Amino acid sequence: MSEGSDAQPISLTVNGEPVTVLATPSETLLEVLRYRLGLTGSKQGCDKGDCGACTVLVDGRPVLGCLTLATLCDGAEVRTVEGLSTAAGLHRVQAAFVRHGAAQCGFCTPGMLMSAVRFLETREQARAPTREEVAAALSGNLCRCTGYAKILDAVIDAAAELGTRSVPGSNDAEGAR
Amino acid sequence: MMPLPRFALARPGSLEEAARLLSDAGAEGRVLAGGTDLLVNLKHGLAAPRLLVSIDRLPELRGVSVDDAGALVVGAAERLADIAAQVLVRARAPAIAGAAGLAAHPQARNMGTLGGNVCLDVRCRYVNRTPLWRGSLGGCLKAEGDVCHVVPGGKNCMAALSGDTVAPLVALDAKAHLVSASAERWVSIEALRGKDGRTPVALQPGELVRAVRIPAAPPNRRSAYLKWAVRHAVDFPLVAVALVVDAGADGAIESLRVVASVLGPKPRVVAGLDRFRGERITPQLASAVAEQVTRQCVPLPNVLYDPQHRRRRLGVMVRRQLDAWVG
Ligand SMILES: Cc1cc2nc3c(=O)[nH]c(=O)nc-3n(C[C@H](O)[C@H](O)[C@H](O)COP(=O)(O)OP(=O)(O)OC[C@H]3O[C@@H](n4cnc5c(N)ncnc54)[C@H](O)[C@@H]3O)c2cc1C
Ligand code: SF4
Ligand code: FES
Ligand code: FES
């Protein structure tokens, strides 16, 4: 990250909080989150689009922080792993990861969680997701440790729990906790 | 960490302004769409534009519609994930929806656009690397050097066409609407792709793709896009093929188009398929077409995996798809 004279302020909503932060044209959203805002949950894995460790939600959609220019996020709503838990405790998907032992080194986990959260919030609520649907939703997140089985188990479990507790058809993030 | 080089970034709000910025910048400017390929190439030091012109705020490049002639028109800035899910595209050009849904992975499809896919740079195991890696071989024709490691002694770069939508767009006879500050024109997707990997896309300086137009399909059309890669997600295609068959009411073939990609820089339109006109699709025909495709299409050692294996895969994909259409 070079602190050049070409840094300009941009405004983001990060995990519900409005923030104004400097960014140069060449800075990625991931760099701004990690190095300017101190949000190091999103990981810098390959830094070139292959691994998904940097996955964050921009205006609701999972994108790669490492290939998103921060300046182009001016005005956007960004959600990162830091925004998942509340004072009341872990997000359901996080809790399911813990129950299932779905993290080993944990490097892929923040990205996995963000893809999973998006999947759970937008899927058809009326029926349980299939293993294939979950695998497809997480197919842009590589894990070098777990072999994926426990991660899929955790997301399916979180979906089952959501299905019984949330209003059917609700895509609301808060309601889905 | 793979930092980006320094560049200026413009975010115009109209096509006119974008075209002017690109024309003023000339060779120093580049269109930035989803950035899922361009930014990786910049991180790899394969280009160093002074100005990136983002097209994410151009309403003229958005939308999917059907024109007066029944053709499907897709804005160049439409994202792959949306194209894959779009009802109009799925109904009118299922092979394009399918190809868009097979590219990359969910996050890249949420970012990457059709225009970026059609204008995707070619790929090669010797060039999509860090400068240090490339430097250890002294570079190649496409970057920093003067030899080709894929075709020793070759004068052209033979890196692989890798955009998943290109082969089906060519098979469906699609055209791109190109716009610059001073002119506009329509060019077939086939003609848009260059035969030398150093100039993979035949855009004039200052030109950008506004939309892609896919002509209306006749009533009995079947189309498919088949991609082979080691993983079902993330991977670029290692070999791929699009098939389009138009038949009469009696099932007799009126036209058969097969377009292969990931060979060299250009899509390969398989020649001589006219001889199957009037026949019905049978297992024998499936084998004969597959053999003709395999004879004409020769993958090069430009991407990972054994070229002979990729060539056999291509034949198998063609035969199986036609077999599925028997009757
Ligand atoms: C891990 C990974 C895997 C991938 N796998 C695949 C895959 O399997 N198949 C596949 O097809 N792609 C793949 N991609 C590449 C990419 O995501 C897609 O091809 C995508 O469609 C590129 O579009 P973009 O909008 O991101 O293009 P950009 O990166 O923004 O641009 C690509 C090129 O097109 C030019 N360009 C873009 N839009 C226009 C326009 N409207 N007019 C003129 N020029 C334009 C740019 O200047 C640049 O040269 C992969 C990428 C990653 C990171
Ligand atoms: S085909 Fe040859 S010239 Fe082109 S990128 Fe590969 S090694 Fe370089
Ligand atoms: S760090 Fe972004 S995809 Fe690997
Ligand atoms: S837990 Fe180590 S990469 Fe997934």
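All values reported here derive from a predicted model rather than from experimental measurement. Here is how names work: the chains are called A, B, and so on, in the same order as the sequence lines, proteins then strands, and each is numbered from 1.
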field: Contact leader toward chain A among B:Asp82, B:Leu38, B:Leu42, B:Val234, where contacts are heavy-atom pairs under 4.5 Å
entry: B:Asp82
query: When only pairs under 4.5 Å are counted, which of B:Arg57, B:His44, B:Met111 shares the most heavy-atom pairs with chain A?
result: B:Met111
message: For a side chain to side chain contact (heavy atoms under 4.5 Å, CB included) check, start with the C-alpha distance between A:Arg61 and B:Arg79, then their side-chain angles and the critical distance, and finish with the verdict.
response: CA-CA 12 Å; A:Arg61 295 183 128 193; B:Arg79 312 231 177 242; 4.0 Å; yes
Side chain, backbone, both or neither of [X] within contact of chain B (heavy atoms, under 4.5 Å):
| X | result |
| --- | --- |
| A:Leu138 | neither |
| A:Thr71 | both |
| A:Ser115 | side chain |
| A:Cys46 | backbone |

In this structure, are over 12 heavy atoms from other groups packed under 6.0 Å from [X] atom [atom1]?
| X | atom1 | answer |
| --- | --- | --- |
| B:Arg90 | CZ | no |
| B:Glu16 | CD | no |
| B:Arg320 | CZ | no |

Say whether, by atom type as modelled, one donor and one acceptor occur between the side chain of [X] and the main chain of [Y] under 3.5 angstrom.
| X | Y | result |
| --- | --- | --- |
| B:His232 | A:Ala136 | no |
| B:Gln107 | A:Gly140 | yes |
| B:Asn110 | A:Val63 | no |

message: For the interface with chain B, which of A:Thr55, A:Leu30, A:Val58 has the highest count of heavy-atom pairs at distances below 4.5 Å?
response: A:Thr55
field: Closest-packed option against chain B by number of heavy-atom pairs under 4.5 Å, given A:Asp50, A:Thr68, A:Leu69
entry: A:Leu69
Looking only at heavy atoms, what is the nearest atom pair of [X] and [Y], with distance?
| X | Y | answer |
| --- | --- | --- |
| B:His105 | A:Ser139 | CB-O, 4.2 Å |
| A:Asp47 | B:Lys43 | O-NZ, 2.8 Å |
| B:Arg11 | A:Leu72 | NH2-O, 2.9 Å |
| A:Pro25 | B:Leu9 | CB-CB, 3.8 Å |

message: Closer than 4.0 angstrom, basic N to acidic O: yes or no for B:Asp37 and A:Lys48?
response: no
